[in-house]
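FYI, the numbering just counts along the sequence from 1. All heavy atoms count here, side chains included; hydrogens, waters and symmetry mates do not.
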Amino acid sequence: MTTRRLARPRDDRWIAGVCAGLGRRFGISSGMVRLIFVVSCLLPGPQFLIYLVLWALLPNE
């Protein structure tokens, strides 16, 4: 069994590659992760700050 590490891919990026990396890590499409992120931004919470932190901490592939 291979485990996929959490990293920002060089392809399939729109802004920083965080959603694409999360999608690859958890086996769902990057479009679905992007949709979930955009919808979650309509709710109160630190979603945008979490995105920025992941952008800064996740390595590139």
Discussion item. Test of understanding: with ring pair (Phe, Tyr, Trp, His ring centres under 6.0 Å), list the residues that count as partners of Phe37, not counting sequence neighbours.
Written reply: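 Once residues adjacent in sequence are excluded, the partners of Phe37 under the ring pair (Phe, Tyr, Trp, His ring centres under 6.0 Å) criterion are Tyr51.
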Worksheet entry | Atom CG of Leu42: over 12 foreign heavy atoms under 6.0 Å | yes
Practice prompt. For the residue pair Met32 and Ile36, establish whether any side-chain heavy-atom pair is separated by less than 4.5 Å.
Written response: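 Yes, their side chains come closer than 4.5 Å.
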Fill in: Sub-4.5 Å side-chain heavy-atom contact between Asn60 and Arg13
yes
What pair of heavy atoms forms the shortest contact from [X] to [Y], and how long is it?
X	Y	answer
Pro59	Leu6	CD-O, 4.0 Å
Ser30	Ala20	CB-CA, 3.7 Å
Gln47	Pro44	NE2-O, 3.9 Å

Worksheet item: Is it the case that one hydrophobic cluster holds both Ile50 and Leu57, taking links as side-chain heavy atoms less than 4.5 Å apart, direct or via other members?
Response: no
Worksheet item: Is it true that Trp55 and Val53 fall in one hydrophobic cluster, defined by side-chain heavy atoms closer than 4.5 Å?
Response: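 Different clusters: Trp55 never reaches Val53 through Ile, Leu, Val, Met, Phe, Trp or Tyr contacts under 4.5 Å.
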Worksheet item: So Glu61 and Arg24, salt bridge (charged side-chain N to carboxylate O under 4.0 Å, His left out) or not? Walk me through it.
Response: CA-CA 12 Å; Glu61 273 187 342; Arg24 285 186 182 182; 3.2 Å; yes
Discussion item. When you measure from the side chain of Arg8 to the backbone of Leu58, do you find a donor-acceptor pair of N or O atoms at a distance under 3.5 Å?
Written reply: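 Yes, the answer is positive, given that a donor and an acceptor are paired below the 3.5 Å cut-off.
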Fill in: Atom pair CD1 (Ile28) and CG (Leu22), whose distance is rounded to the nearest 0.5 Å
8.0 Å
